[in-house]
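Note sheet for the following structure.
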Amino acid sequence: MSRSAFWPVVLAVALSLVACTSTGSAAPSAAALEAVASDPPVAGGDSVTLAAEPDARTYRIVTLGDSYTFGTGTIAHRRDSWPAQVAEALIQRAGMRIYLRNLAQKSSPSVEVIDTQLPHVGDYEPDVVTIQVGVDDIVGSDAESYAENIAHILDELMLVVPAERIFAITTPDHTLTEWGKAYGPPEVVEALNADLAAAADARGITVIDIGPLHERVVEDETLLVQSNPPRPYPTAKQYAGWAELIGPYIREALETIEP
């Protein structure tokens, strides 16, 4: 199935989250409530198996990165993060059996992904891997090392998964938020994403740009967690939009795998 054909599938999940509160919570689905821990957490993530038909092939997805992939700011990140929402869409709408391993950690720059997440990827024999990291390189004033680090991460991932089943997700522009304006200008984010694109393109890895979705925070405050002091994290509602965009790429990649 093409990504365009899958678009309405994930959109249905996104629309079901319209009732999200400003704190980033969404009503759990039956599949989310039935999710069980399958082994102890590694790094900062959670390991869950989300099952469709008992005899269906299990597809394994591993996600790496920082707070944006972890789901920081949502009430229940194992349910509301974009990886969790993609997994649920694949289960509920595509009838797939999905094993999701989210290795992402809060406040992780690229060097921490290398040190604490990357070594564990191969342990889970993934079919698809995603990487989204960068904001903490900027906030931590270590953006100069980013190009080298992201190239290393992608090279290591390609030892585990073919390039066509690795997806690099862009870093959203945190300078659009009141908090993030202290860590501008936006050109820094653009430069970091340009480094990501260059490294990915050189290796035949697809980059998925969630920037246009995040830019809607300027007009819609329900897309950001509202707290005092302000926190620059997306709500489950914004993550639903990310899932709508990212999900079709992952499904198409999984469907190319031989039984």
Side-chain angles (χ1 to χ4, degrees), residues 14 17 20 22-24 63-74 77 80-83 85-86 102 104-113 130-151 153-154 167-201 205-249:
L17 296 176
C20 295
S22 61
T23 57
T63 55
L64 297 85
D66 51 35
S67 296
Y68 290 124
T69 296
F70 181 85
T72 301
T74 60
H77 68 92
D80 296 336
S81 66
W82 70 258
Q85 294 195 49
V86 166
N102 190 349
Q105 300 182 59
K106 303 176 183 178
S107 305
S108 291
S110 56
V111 67
E112 288 189 15
V113 170
T130 69
I131 172 68
Q132 181 185 38
V133 66
V135 66
D136 292 293
D137 291 81
I138 296 172
V139 174
S141 302
D142 194 29
E144 292 183 0
S145 302
Y146 181 79
E148 180 180 350
N149 289 346
I150 196 63
I153 291 170
L154 296 181
F167 298 99
I169 318 299
T170 59
T171 291
D173 186 359
H174 59 277
T175 69
L176 295 174
T177 68
E178 288 301 316
W179 172 90
K181 289 177 181 177
Y183 301 94
E187 287 77 16
V188 177
V189 182
E190 294 174 6
L192 183 138
N193 282 328
D195 287 339
L196 174 68
D201 290 347
I205 292 172
T206 297
V207 176
I208 304 175
D209 184 15
I210 50 81
L213 295 176
H214 180 73
E215 288 171 4
R216 298 180 185 179
V217 301
V218 176
E219 301 174 351
D220 186 352
E221 66 177 13
T222 68
L223 298 178
L224 286 176
V225 173
Q226 303 298 311
S227 62
N228 188 16
R231 304 174 71 192
Y233 303 119
T235 58
K237 180 179 177 180
Q238 183 179 168
Y239 283 136
W242 294 19
E244 180 183 339
L245 179 61
I246 298 168
Y249 287 91

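This structure is a prediction, so every number in the text was calculated from the model and none was measured.
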Original post:
Would a 4.5 Å heavy-atom cut-off, applied to side chains only, mark I169 and Y68 as touching?
Top reply: no

Original post:
Counting only N and O atoms by type, is there a donor-acceptor contact under 3.5 Å from the side chain of N193 to the main-chain atoms of T170?
Top reply: no

**OP:** Kindly compute the distance separating CD1 (I246) from CD1 (I210), expressed to the nearest 0.5 Å.
**Re:** 7.0 Å

Original post:
With a 4.5 Å limit on heavy-atom distance, are the side chains of L224 and Q238 in contact?
Top reply: yes

Original post:
What's the spacing between T175 OG1 and E187 CD if we round to 0.5 Å?
Top reply: 8.0 Å

Original post:
If you take all heavy atoms of R216 and L223, which pair is closest and at what distance?
Top reply: CB-CD1, 3.6 Å

Original post:
Taking the side chain from T206 and the backbone from F167, do they hold a donor-acceptor pair closer than 3.5 Å?
Top reply: no

Original post:
Distance from Q105 atom CD to T72 atom OG1, nearest 0.5 Å?
Top reply: 10.5 Å

Original post:
Is there side-chain contact between W82 and T130, with at least one heavy-atom pair below 4.5 Å?
Top reply: yes

**OP:** For S108 and D136, work out which heavy atoms get closest and say how close.
**Re:** N-OD2, 3.2 Å

Original post:
Are any of the side-chain heavy atoms of W242 and L213 separated by less than 4.5 Å?
Top reply: yes

**OP:** Check whether any side-chain heavy atom of H174 lies under 4.5 Å from a side-chain heavy atom of I138, and answer yes or no.
**Re:** yes

Original post:
Between NZ of K106 and CG of D66, what distance do you get to the nearest 0.5 Å?
Top reply: 13.0 Å

Subject >> Nearest heavy atoms of A200 and V207, plus distance in Å >> reply: CB-CG2, 3.4 Å

**OP:** Measure the spacing between CD of E190 and CG of D195 and express it to the nearest 0.5 Å.
**Re:** 12.5 Å

Original post:
Do you know the tightest heavy-atom contact between L64 and T69?
Top reply: O-OG1, 3.9 Å

Original post:
Which atoms form the tightest heavy-atom contact between L196 and A168, and what is the distance?
Top reply: CD1-CB, 3.8 Å

Original post:
Any side-chain heavy atom of I131 within less than 4.5 Å of one from I150?
Top reply: yes

**OP:** Measure the shortest side-chain to side-chain distance between N102 and S81 over non-hydrogen atoms and say whether it is less than 4.5 angstrom.
**Re:** yes

Subject >> Minimal non-hydrogen separation, V225 against P234, with atom names >> reply: CG2-O, 3.7 Å

Original post:
Passes side chain to side chain donor-acceptor pair (under 3.5 Å), S110 versus N149? Steps please.
Top reply: CA-CA 6 Å; S110 56; N149 289 346; 3.0 Å; yes

**OP:** Report yes if some heavy atom in the side chain of P172 is under 4.5 Å from a heavy atom in the side chain of Q132; otherwise report no.
**Re:** yes

**OP:** For E144, look at atom CD and say whether over 12 heavy atoms of other residues, nucleotides or ligands are found less than 6.0 Å away.
**Re:** no

Original post:
Taking atom CG of D80 and atom OG1 of T235, what is their separation to the nearest 0.5 Å?
Top reply: 9.0 Å

